Structure formats: C-alpha cells, structure tokens
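One structure is given below, encoded as structure tokens.
Below, read A as the first sequence line, B as the second, and so on, with proteins coming before strands; counting in each chain starts at 1. Note that the structure is a prediction, hence the values are computed from the model and not measured. The figures here come from the full heavy-atom set of this structure, side chains too, leaving out hydrogens, waters and symmetry mates.
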Number of protein chains: 2
Amino acid sequence: MSELADRSGVPIPTIKFYLREQLLPRGQLSSRTQASYDDSHLRRLRLVRSLVEVAGLRLEVVRRVLAAVDDEAMTRHDVLGRAHSSLSLSPTAPASSEDLDQVETSLEQWGWKLHDQSPLPAALAQALLALDSLGHPMSDEALEAYAKAAVAVASVDVSQLPVDRSDAVETAVVGTLLREPVLLILRRMAQEVRSGQSQGQ
Amino acid sequence: MSELADRSGVPIPTIKFYLREQLLPRGQLSSRTQASYDDSHLRRLRLVRSLVEVAGLRLEVVRRVLAAVDDEAMTRHDVLGRAHSSLSLSPTAPASSEDLDQVETSLEQWGWKLHDQSPLPAALAQALLALDSLGHPMSDEALEAYAKAAVAVASVDVSQLPVDRSDAVETAVVGTLLREPVLLILRRMAQEVRSGQSQGQ
DNA sequence: GACGATTGGATAGTGTTACTGTCTAATCTG
DNA sequence: CAGATTAGACAGTAACACTATCCAATCGTC
C-alpha cells in the first residue's frame with residue numbers, strides 16, 4: 001500500500017478513502033493485514049486523480065463513469081452513451097419543451113441521431129436558454145459553426161480509438177473527458193489571438 | 001429587495017449573501033432601511049447565477065471576473081485576457097518547462113501570439129501532461145485539428161462582439177464562459193453520432 | 001399615530017464534498 | 001520478540017455556498 005502511495009503520489013489516507021468509496025478495487029488479500037496492489041490499481045488511481053483534477057468531476061460522477069468502463073457487457077458505443085449519461089449529476093432541469101423542440105429541429109437538420117434517452121439534448125437546451133435569458137442568444141449560424149467544429153474534433157477522437165474493446169472504452173472515456181480542457185483552453189487562446197487582431201479599444 | 005428576489009427567482013437570503021460577498025453592488029439607499037435596485041442589479045444577479053450554475057464557476061472566480069468586467073479602464077482585449085487569468089483558481093501547478101516548451105513551439109508554429117503573462121500555455125501543458133501520464137498522449141495532428149476547430153469557434157465569438165466597450169466586455173465574458181457548455185455538449189453529441197456510424201462492437 | 005410587515009445589516013448555523021486523522025487488532029520485518 | 005506496517009472502521013476537518021435568526025429602523029395602512 002505504501003508502495004502504491006509512493007508511486008502515485010497520493011497520500012495513504014486518501015487511497016483508503018477511495019477504497020471505501022469504491023473508486024478503487026480492493027487489492028488481493030494475502031493475509032488479514034496485507035493486500036497486494038498491482039499495476040491496474042496504480043493505473044486506476046491515476047485515472048481517478050486525473051478525472052477529478054483535470055476534468056473536474058465529482059467523485060460520485062467518477063464512480064459512475066468507472067462503473068460503465070468496467071461493465072464488460074457493454075460495447076464501445078454503449079459505454080460512450082452511458083458515460084455521457086453519468087456525467088450529469090443533477091437530473092438536468094426539465095428544459096421547457098419549446099427549447100427542446102428547437103434543439104431537436106437543429107439536430108434533425110444536421111442529420112444527428114442520438115440515443116433516445118440521451119441527456120444531451122436537454123442539456124443543450126438548458127445551456128442555450130441561459131444564454132437567451134441573459135440577452136445573448138446564439139444565432140442558428142453560430143450554433144451551426146459550433147456544431148461543425150464539434151464534428152471536426154469528434155472525428156479525430158473517434159478515428160483514433162483502438163480496436164480492442166476494453167482499451168477502446170478507456171480511451172474513449174479518457175479522450176472525451178480529459179481532452180475537454182484542451183479544447184476549451186485552445187478556444188480561449190484563439191479568442192485572445194483573434195481579439196488582438198481586431199483590436200481598437 | 002423582495003421585488004428583486006421575485007423577478008430573479010433568487011431567495012432573499014442569497015441576495016443578501018451576494019451583497020456581502022461583493023458579487024452584487026449595493027442598491028441606492030433611500031433611507032436607512034430602504035434601498036432601491038434597478039435593472040442593472042437584476043441583470044447582474046442573473047449573470048452571477050448563470051456563471052455559477054451554467055459555467056460552474058466558484059464565487060471567488062465570479063467575483064474576479066466581474067471586477068474585470070467593471071474595470072472601466074480596460075479595453076475589450078484587456079478584459080478578455082484578465083478574465084482568462086481570473087479563471088484559474090489554483091496557481092496552475094508549475095508544469096515542467098519541457099512540456100511548456102513543447103506547447104510554445106506549437107503556438108509559434110500556428111502563429112499564435114498570446115499575452116506574456118497568460119496562464120493558458122501552462123494550463124494547456126498541464127492538460128496534455130495528464131493525458132500523457134495516463135498513456136493516452138495527444139498527437140501533434142490531433143492537437144492541430146483541435147486548434148483549427150478552436151479558431152473556427154473563436155472567430156464566430158469574436159466577430160459578433162458589439163462595438164460599445166461595456167457591451168462588448170459583457171458579451172465577451174458571457175460568450176466565452178456560457179458557450180463552453182454548448183461546445184462540449186455538441187462535441188459529445190458528435191462523438192455519439194460518429195461512434196454509432198463506426199459501430200461494430 | 002398605532003401596528004404589523006419589510007428592510008438593511010450583522011452574525012451564526014447548515015449541508016455537502018473531499019479528504020485527513022486516530023484507533024485497533026493483526027501481521028510482517030529484523 | 002520489538003517496532004513498524006497494514007486493513008479496516010470511525011471520527012474530525014476545511015472549504016464552499018448558502019440559509020436562518022436577530023435587531024433596530026422604517027414603511028405602508030388603517
């Protein structure tokens with residue numbers, strides 16, 4: 001255990017806490033006061049820390065995402081969908097059906113077909129509603145430009161998935177969540193660059 | 001005050017709390033127990049709620065962002081930079097200079113020139129480092145694809161800024177922060193769509 | 001002009017999240 | 001066999017974002 005702590009840089013009490021919270025599987029008990037942890041534990045521990053620190057997920061969300069990753073019965077595609085479902089902690093405020101309709105119209109227009117129970121359309125409706133209510137609505141053109149950019153990055157993400165199921169699943173989850181900050185930071189950088197170009201008070 | 005609470009849907013104790021925390025300017029005192037709040041207060045209150053609920057910012061970060069918005073001495077471009085600086089709460093772990101160098105090489109390649117004290121390169125280095133250390137590094141090609149997509153959305157963002165300074169400042173901040181969820185959700189949607197297309201276990 | 005409700009302001013308390021510390025008995029190490 | 005380490009249970013803490021209570025000073029109304 002102290003080896004696991006040393007190699008991961010995570011303090012022992014925290015590791016114990018993660019074991020309690022089922023974020024980390026227990027090690028193989030070799031006696032009542034001795035368990036052995038292998039590389040898979042180290043790997044999982046690092047994954048948990050990254051999801052928390054880099055992707056900013058709550059532990060409860062991390063637990064659900066990992067459960068999807070660990071579920072051998074799921075295909076790559078299923079895992080992606082369920083990981084996405086796991087990501088909304090609050091039951092996603094029931095956006096008015098009006099906004100939701102508008103979102104669904106756009107999706108149809110773009111030819112995007114999502115899983116029926118996907119929480120994403122409602123989440124999108126909610127995000128757009130917040131913009132509307134602050135007086136900064138997103139035009140259809142702006143939304144479409146965003147959608148095109150989203151397709152571009154998603155193509156890269158999906159095209160690089162490994163063939164093996166469990167590898168693919170982890171890559172998909174890690175890729176989806178830990179590349180989010182990358183995209184956001186690049187966007188902010190690009191804004192600064194563009195804003196500098198169109199300078200003038 | 002109760003009118004403000006009614007119109008915004010925010011409970012009175014919370015409004016008082018925001019006043020204490022300097023997230024909301026005090027109203028015009030007409031007597032010792034009466035202050036009047038106008039539309040700017042309502043607007044600001046809604047902005048705070050959106051930044052907290054939609055963009056997921058902490059109150060301390062919201063306070064700093066608003067301070068940048070309110071600082072009349074700053075140009076549109078300055079505000080964007082300072083808002084970005086305000087966003088990192090932790091002092092951004094000092095990414096190894098090696099990773100940082102690599103990031104800066106890419107930026108140069110793309111012709112991106114950022115403000116000297118921008119926290120963004122270090123943040124990017126950190127995000128990439130997390131991916132590396134989990135065994136899922138981002139290739140230069142993938143990063144460039146992300147950068148292109150980022151430019152595309154940033155162009156839309158910047159091109160729509162109003163001319164008036166204070167309008168532009170608010171639009172920039174709101175647009176930067178509250179459109180982030182939109183972009184991320186669209187990306188997840190696009191992943192599901194693409195992943196479904198390349199289905200096959 | 002009496003009176004219940006409301007206000008601004010200050011202070012204290014609550015619930016949640018993510019740890020961190022302490023304790024115990026068993027076991028391992030030298 | 002002495003001292004350190006461990007698994008496991010349980011209690012304590014720090015930060016965050018509210019929420020509740022209290023007070024004296026109005027305000028609105030009858």
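- Applying the salt bridge (Lys or Arg N to Asp or Glu O under 4.0 Å) definition to pairs two or more places apart or across chains, those involving residues 6-23 of chain A are A:E3-A:R7, A:R7-A:D39, A:E21-A:R63.
- In this structure, a donor-acceptor pair under 3.5 Å is absent between the side chains of A:S133 and B:R46.
- Computed from coordinates, the B:M1 CE to D:dC27 P distance equals 16 Å when rounded to whole Å.
- Here the straight-line distance linking atom CG of B:D99 with atom CG of B:D132 works out to 7.0 Å at 0.5 Å rounding.
- Checking B:T176 against A:Q191 by side-chain atom types alone, a donor-acceptor pair falls below 3.5 Å.
- Phosphate proximity of D:dC16 to B:R58: present, with a side-chain N or O under 4.0 Å from OP1 or OP2.
- Using a 4.0 Å cut-off between charged nitrogen and carboxylate oxygen, B:R82 and B:D71 count as a salt-bridge pair.
- With sequence neighbours left out, B:D70 forms a salt bridge (charged side-chain N to carboxylate O under 4.0 Å, His left out) with B:R44.
- Donor-acceptor pairing under 3.5 Å is recorded for the side chains of A:R194 and B:S155.
- If you check residues 34-46 of chain A against DNA chain D, the residues with a heavy atom closer than 4.0 Å are A:Q34, A:A35, A:Y37, listed by number.
- Residue B:R49 is the one, among B:T33 and B:R49, whose nearest nucleotide of DNA chain D lies closer to the 5' end (criterion: closest heavy atom).
- In this model, a donor atom of one side chain and an acceptor atom of the other lie less than 3.5 Å apart for A:E192 and B:H84.
- DNA chain C lies under 4.0 Å from at least one heavy atom of each of the following residues of residues 2-20 of chain B: B:S2, B:K16, B:R20.
- Between the P atom of C:dT17 and the CG atom of B:L59 lies a distance of 16 Å, rounded to the nearest Å.
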Derivation and outcome, side chain to side chain donor-acceptor pair (under 3.5 Å), residues A:R187 and B:Y146: CA-CA 9 Å; A:R187 172 172 174 252; B:Y146 270 58; over 6 Å; no
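- For B:H41, the ring pair (Phe, Tyr, Trp, His ring centres under 6.0 Å) test picks out B:Y37, with sequence neighbours left out.
- Interface residues of residues 21-31 of chain A facing DNA chain C, ordered by number: A:S31; criterion, heavy-atom separation under 4.0 Å.
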